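Quick caveat: nothing in here was measured; it's all calculated off a predicted structure.
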Amino acid sequence: MLAKPHFVVLLPLLLMRGHARAVWTSLTTALAGLLLPVLFIGHSASMAYHHEWLGEMAKHNASLIYTGGEAYNSVDTVYSFLHRAMLKYFVAAPNTTEALVILGGIATIIGGVVLCNQKRERDLVALPSHTVFEYFLLLALVPSITLTDTNHFLFSMPLVMLLMHHLVPRADPKWLIVAALPILLAYGGNWADALGDLSDRMVHYGVLGIANLGLIAAGTFLLLRRSNLSSAKASS
């Protein structure tokens with residue numbers, strides 16, 4: 001979290017899953033890391049550096065919704081996708097409140113999925129925990145809900161591997177390949193040398209971000225499907 005504060009999104013999941021010790025250890029370690037510079041540069045300089053760091057982070061995430069132009073920093077966020085797809089017809093100008101409402105909706109959905117899985121796991125003792133899958137979903141969400149480099153979409157690679165596991169050697173369910181192939185091509189197929197001007201259009205429309213949301217949706221479906229199959233097996 002000291003290197004990438006984005007990973008604080010994992011803390012609510014750990015708390016909900018009963019890993020309080022891991023949460024407090026993470027927070028204590030992060031706090032110690034923040035205080036460590038005091039030993040070398042003093043309290044005042046340390047506070048000044050941290051203030052500048054927080055200011056840079058605030059500026060970096062000030063515009064979460066793409067509104068046009070050549071700066072594509074926020075084009076792949078979920079906020080930009082939803083605004084351009086439908087919310088622009090209801091919201092005159094993008095604003096922080098819009099992004100916070102979207103983020104709150106995402107948190108509610110993820111929390112609901114986790115609570116649903118926990119209920120099933122309590123009702124059926126033989127049902128395995130879904131914590132790892134939920135962890136992967138949150139990890140994949142990081143580049144969609146924050147402003148990061150496109151390299152950070154590699155956080156979704158566990159979901160790519162999950163999809164491949166259900167596609168090779170045969171699709172399970174069979175129709176999954178129809179949905180998965182376009183998502184995978186959009187996620188990793190923007191080859192500028194091969195696509196030319198089309199590559200720029202893909203960047204403009206945030207195809208990478210849309211594909212990442214597709215991976216998250218597919219991963220959520222497979223998670224719930226696994227939960228349903230495990231519930232049916234455990235109760236039979």
Side-chain angles (χ1 to χ4, degrees), residues 1-38 50 53-54 57-58 60-61 64 77-79 99-149 151-166 212-235:
M1 287 190 297
L2 282 169
K4 294 290 181 183
H6 308 128
F7 290 109
V8 296
V9 301
L10 298 171
L11 298 183
L13 173 64
L14 294 175
L15 278 177
M16 292 179 70
R17 282 296 182 175
H19 298 291
R21 181 178 296 178
V23 172
W24 294 121
T25 301
S26 300
L27 292 176
T28 302
T29 304
L31 179 61
L34 291 173
L35 295 176
L36 189 62
V38 175
H50 282 103
W53 175 62
L54 291 173
M57 286 184 60
H60 184 67
N61 287 275
L64 292 169
T77 64
V78 63
Y79 318 109
L100 290 175
V101 170
I102 294 172
L103 183 60
I106 292 172
T108 301
I109 293 171
I110 295 294
V113 171
V114 175
L115 290 174
C116 180
N117 287 333
Q118 285 181 312
K119 184 178 184 303
R120 289 181 173 180
E121 292 163 13
R122 286 194 302 267
D123 294 342
L124 299 169
V125 180
L127 195 65
S129 173
H130 298 82
T131 305
V132 173
F133 291 90
E134 295 159 356
Y135 186 98
F136 287 160
L137 288 175
L138 280 177
L139 197 62
L141 262 176
V142 168
S144 287
I145 61 177
T146 60
L147 285 188
T148 60
D149 299 328
N151 292 339
H152 290 83
F153 282 95
L154 289 172
F155 290 159
S156 299
M157 283 305 295
L159 294 187
V160 172
M161 291 186 284
L162 176 64
L163 265 183
M164 294 304 298
H165 176 70
H166 284 266
N212 195 58
L213 296 178
L215 284 173
I216 293 170
T220 303
F221 164 76
L222 293 174
L223 168 62
L224 295 177
R225 180 175 180 268
R226 176 178 182 266
S227 180
N228 289 334
L229 292 176
S230 298
S231 297
K233 183 178 180 181
S235 59

Nearest 0.5 angstrom please: L223 CG to I216 CD1, how far?
13.0 Å
Could you check whether any side-chain heavy atom of F133 comes within less than 4.5 Å of a side-chain heavy atom of T220, counting everything from C-beta outward?
no
Applying side-chain hydrogen bond (donor to acceptor under 3.5 Å, both in side chains), name anything that partners H19, two or more places apart in sequence or on another chain.
none
Would you mind reporting whether N212 and L141 have side-chain heavy atoms less than 4.5 Å apart?
no
Would you please name every residue forming a side-chain contact (heavy atoms from CB on, under 4.5 Å) with T25, sequence neighbours left out?
R21, T29
Side-chain touch F155/T148, heavy atoms, less than 4.5 angstrom:
no
I would like to know whether V142 and L10 meet side-chain contact (heavy atoms from CB on, under 4.5 Å); could you show each step before the answer?
CA-CA 10 Å; V142 168; L10 298 171; over 6 Å; no
Under 4.5 Å between any side-chain heavy atoms of R225 and H166, yes or no?
yes
Verdict with reasoning, H152 to T146, per side-chain contact (heavy atoms from CB on, under 4.5 Å):
CA-CA 10 Å; H152 290 83; T146 60; over 6 Å; no
With the side chain counted from C-beta on, respond yes when L222 and L159 share a heavy-atom pair under 4.5 Å apart, and no when they do not.
no
side-chain contact (heavy atoms from CB on, under 4.5 Å) test vs Y79 passes for just one of L64, L100, L147, namely L64
Residue Y135 excluded, over 12 heavy atoms near OH under 6.0 Å
no
With the side chain counted from C-beta on, respond yes when V114 and R17 share a heavy-atom pair under 4.5 Å apart, and no when they do not.
yes
Ignoring hydrogens, what is the shortest heavy-atom contact between S156 and L215? Give both atom names and the distance.
CB-CD1, 4.0 Å
If you apply the rule side-chain contact (heavy atoms from CB on, under 4.5 Å), what do you find for E134 with I110, and how did you get there?
CA-CA 8 Å; E134 295 159 356; I110 295 294; over 6 Å; no
State the CE-CG distance between M157 and L163, to the nearest 0.5 angstrom.
10.5 Å
When rounded to the nearest 0.5 angstrom, what distance separates CZ in R120 from CG in L115?
12.5 Å
Point-to-point distance, once rounded to the nearest 0.5 Å, from CE of M161 to CZ of F136:
6.5 Å
By side-chain contact (heavy atoms from CB on, under 4.5 Å), which residues pair with L35, not counting sequence neighbours?
L31
Separation of L15 CG from W24 CH2 (nearest 0.5 Å)
7.0 Å
Provide the closest heavy-atom pair for V8 versus M1 in the form atom of the first, atom of the second, distance.
CG1-SD, 3.6 Å
Could you go through the side-chain contact (heavy atoms from CB on, under 4.5 Å) check for S144 and T77 one step at a time?
CA-CA 5 Å; S144 287; T77 64; over 6 Å; no
Side chains of H6 and P143: closer than 4.5 Å at any heavy-atom pair?
no
